[in-house]
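Because the structure is predicted, anything quoted here is derived from the model rather than measured. When a ligand or atom number is given, it counts from 1 through the structure's own listing order.
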Amino acid sequence: MDNQDLLKITEKFGSPIYVYDSEKIISQYKRLQNAFKPVKKLKINYAVKALSNLSILRLFEKLGAGLDTVSIQEVQLGLEAGMDPSRIIYTPNGVSLEEIEEVAALGVQINIDNLSILEQFGSRHPKVPVCIRINPHVMAGGNTNISVGHIDSKFGISIHQIPHLMRIVENTGMNVNGIHMHTGSDILDIEVFLYASEILFDTARNFKDLEFIDFGSGFKVPYKEGDIETDIEELGEKLSTRFTEFCKSYGKDLTLAFEPGKFLVSEAGKFLARVNVIKQTTSTVFAGVDSGFNHLIRPMLYGSRHEIHNISNPAGKERFYSVVGYICETDTFASNRRITEIKEGDILAFDNAGAYSFSMASNYNSRYRPAEILWYKGEAHLIRKKENFKDLTRGQIPFHFGENPSE
Ligand SMILES: *Cc1c(COP(=O)(O)O)cnc(C)c1O
């Protein structure tokens, strides 16, 4: 997928637009599989919330992956994409007992992350196997917005509550078949991850009928040249060894599960937007594009960096630009960024637009959500149409005020 391919896509399908390179998704999936080759049973569950287009889910179905879901709607999307319920795990936080029961009835693996729901679910459905989400209280990354394993996190059951957890399991006679952790996005330090894994192993020893241990995700991907990324190969080598040792001492070959989102799809995605206006102020040159945080909110919400390339003029002289959107609010994609010279009408390509990009898009400012393209075997396929005016008004019920509403 080169610049010419991307430009052709905007000519044919318009802008702004999301493009996903299936080859990159496949190679990331295989890379993860290879890294954990020594493990007898490996399960990779793709985290649907990163990018939930049905065609992407179908690709993962074909690759043999499972799905990690956080809502009943994500489960339904997975089923719609042809995924067998037995290949789906449901890892919600703060959802109702009713929704959890509904998902369990579909034959999906349930993962419970609080003692209150665990006690209620176990009392009512002691035969349904349940996975338990543990909070190992380990800080991964360091940014509290994306670290969900620390002490004040709302996620998981604290390891300090294991005695209470064991009492609930005994009292209800429920079947715990998995232990899970997800310490949050951006694992930089493999040692920290391995440390958390030891806590998970210690917890796992309390349960006699486990089938799998799920290590969650949080693998870091590079956002720019020279960025540090999780060394999957090193993690694979070290964790595989520890996991195999654990299985030996446990007396059973368990499945090692992961549930990456970002690692599998982030780098596969490009977001393409057209420059509407170049505006020079006393201090800055702004490039204003035909998009905003309604389409790509990560830079504003998380401060994440997306490399931006002017694919209409890739060999031009570099200048400093602030790239901003058309939303009537501050929506800066990048400030003071070195980009090859931009003219009005040029197409800018944003990197790392596969994960948490389209899936977080909205209709703010009553703009349409963009189209999505899958690049597969050298060809562009439309996998979601751009929205239209009907989509904006769908579901609205115009209220009729009668003659004199002010009287
Ligand atoms: C979001 C999420 C993931 C995926 O995280 P990435 O950083 O995108 O890999 C995995 N597991 C759970 C429970 C999640 O909520």
* Asked: What distance separates Q33 CD from I44 CD1, expressed to the nearest 0.5 Å?
  -> 5.0 Å

* Asked: Does E245 pair with R242 as a salt bridge, N-O distance under 4.0 Å?
  -> yes

* Selected option - heavy-atom contact closest to atom 4 (C) of ligand 1, from K262, K220, E259, R133 -> E259

Numbered atoms of ligand 1 (with element) below 4.0 Å of [X], judged on heavy atoms:
X    : answer
D68  : 10 (C), 11 (N), 12 (C), 13 (C)
A47  : 3 (C), 4 (C)
G218 : 7 (O), 9 (O)
G261 : 4 (C), 6 (P), 8 (O), 9 (O)
T91  : 13 (C)
P260 : 9 (O)

* Ring center gap for F258 and F36 short of 6.0 angstrom -> yes

* How does A50 reach ligand 1, if at all, at less than 4.0 Å between non-hydrogen atoms: by side chain, backbone, both, or neither? -> neither

* **Proximity of Y356 to ligand 1 by residue part, where a heavy atom lies under 4.0 Å** => side chain

* **Sequence-distant partners of F399, ring-ring contact (aromatic ring centres under 6.0 Å, His included), two or more places apart** => F401

* Is any side-chain heavy atom of S291 closer than 4.5 Å to a side-chain heavy atom of L296? -> no

* Asked: Backbone N or O of R87 within a donor-acceptor pair of the D84 side chain at under 3.5 Å?
  -> no

* **side chain to side chain donor-acceptor pair (under 3.5 Å) pairs, two or more places apart, involving residues 268-285** => K270-D351

